[in-house]
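Because the structure is predicted, anything quoted here is derived from the model rather than measured.
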Amino acid sequence: METPTKQACRKNGYQKVTFEHKLFVIDQINNGQISANFASKKYNISRATIHYWMKKLSNYSNQKTFVSKDDEIKKLKERIEDLEGIKEFQQEVIVEFEKVTGEELSKKYLPEWLANEIQKKKKKLLK
């Protein structure tokens, strides 16, 4: 009677997975198309690995979106300038509309402070 010889226990080598494939799998899970358990079976990847990818991706996303305070202040100042320009344009359109129609709709439908600004602008344009 022969005794079975023990064979060396070898772990399976890991598969190299592209970053795009990782994003694809995580995106499917986050969008609710598949569960992490189903993705694990479908793509032959352990759930622990999938959760590890998701954790790493969230850290990557947080690092990617980090903005210094100075940069944030600069962007906010630019945004304020843009919005002030839009406000000026809208006020000019309202003034022109009131000149054409002959009705002062700004007093009826806009807040008092904004209606006063429009009236000042109208006086400037009439001079």
Side-chain angles (χ1 to χ4, degrees):
M1 181 180 222
E2 290 183 29
T3 58
T5 59
K6 288 188 176 182
Q7 295 192 355
C9 180
R10 287 181 38 185
K11 285 187 175 181
N12 292 337
Y14 70 92
Q15 299 172 339
K16 288 197 175 193
V17 180
T18 64
F19 185 69
E20 289 79 20
H21 184 67
K22 291 176 185 180
L23 287 177
F24 175 74
V25 172
I26 292 171
D27 190 44
Q28 283 186 325
I29 294 169
N30 288 339
N31 289 336
Q33 295 171 340
I34 59 175
S35 66
N37 194 27
F38 184 75
S40 169
K41 291 175 186 173
K42 182 176 179 182
Y43 299 111
N44 196 22
I45 303 167
S46 72
R47 283 182 297 172
T49 301
I50 291 173
H51 289 294
Y52 176 77
W53 291 349
M54 292 172 82
K55 182 179 175 184
K56 284 293 187 182
L57 182 65
S58 69
N59 289 343
Y60 175 75
S61 298
N62 289 341
Q63 289 174 355
K64 192 175 178 182
T65 59
F66 176 75
V67 178
S68 71
K69 287 184 180 181
D70 293 335
D71 290 341
E72 189 173 356
I73 290 170
K74 184 179 177 182
K75 285 183 182 179
L76 290 173
K77 285 182 179 179
E78 289 173 359
R79 179 76 175 140
I80 288 170
E81 288 176 11
D82 291 343
L83 291 173
E84 286 176 349
I86 291 169
K87 178 183 155 193
E88 292 291 322
F89 175 73
Q90 289 173 337
Q91 288 177 351
E92 290 172 8
V93 168
I94 291 171
V95 168
E96 288 298 317
F97 180 77
E98 288 182 350
K99 279 178 23 183
V100 170
T101 61
E103 295 182 42
E104 294 195 12
L105 299 175
S106 61
K107 289 183 180 179
K108 292 180 185 177
Y109 299 107
L110 296 177
E112 185 177 337
W113 63 272
L114 188 55
N116 290 339
E117 282 186 28
I118 292 173
Q119 294 305 318
K120 288 177 187 175
K121 188 169 289 289
K122 189 186 280 187
K123 288 178 184 176
K124 275 186 188 177
L125 291 175
L126 292 176
K127 286 183 182 181

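Counting only distance, with no hydrogens or angles, the side chain of Asp27 and the backbone of Leu23 share no donor-acceptor pair below 3.5 Å. Of the possible polar contacts, none joining the Gln28 side chain to the Ala39 backbone as a donor-acceptor pair under 3.5 Å is found.
The hydrophobic cluster containing Leu105 also includes Phe97, Tyr109, under a criterion of side-chain heavy atoms closer than 4.5 Å among ILVMFWY residues, counted directly or through chains of members.
Contact check for Lys42 versus Val25: no side-chain heavy atoms found under the 4.5 Å cut-off. With contacts defined as side-chain heavy-atom distances shorter than 4.5 Å, the pair Thr49/Val17 does not qualify.
Rounding to the nearest 0.5 angstrom, the gap separating the CD1 atom in Ile26 from the NE2 atom in His51 is 10.5 Å. The line from CH2 of Trp53 to NZ of Lys56 is 14.0 Å long, rounded to the nearest 0.5 Å.
The minimum heavy-atom distance between Ser106 and Ala115, with the atom names listed, is O-CB, 3.6 Å.
By the salt bridge (Lys or Arg N to Asp or Glu O under 4.0 Å) test, Lys41 pairs with no residue at all, sequence neighbours left out. Residues satisfying the side-chain contact (heavy atoms from CB on, under 4.5 Å) test with Asp70, not counting sequence neighbours, are Ser68.
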Indicate every side-chain donor-acceptor pair of residues 72-93 with a distance under 3.5 Å to a residue at least two apart or in another chain.
unit_1: Lys87; atom_1: NZ; unit_2: Glu117; atom_2: OE1; d: 3.1
unit_1: Glu88; atom_1: OE1; unit_2: Lys121; atom_2: NZ; d: 2.4
unit_1: Gln91; atom_1: NE2; unit_2: Glu117; atom_2: OE1; d: 2.8

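The stretch residues 106-116 participates, sequence neighbours left out, in these salt bridge (Lys or Arg N to Asp or Glu O under 4.0 Å) pairs: Glu104-Lys107. For residues 21-44, the pairs satisfying ring pair (Phe, Tyr, Trp, His ring centres under 6.0 Å) are His21-Tyr43, with sequence neighbours left out.
Heavy-atom neighbours of Lys99 NZ from other residues, nucleotides or ligands within 6.0 Å: above the threshold of 12.
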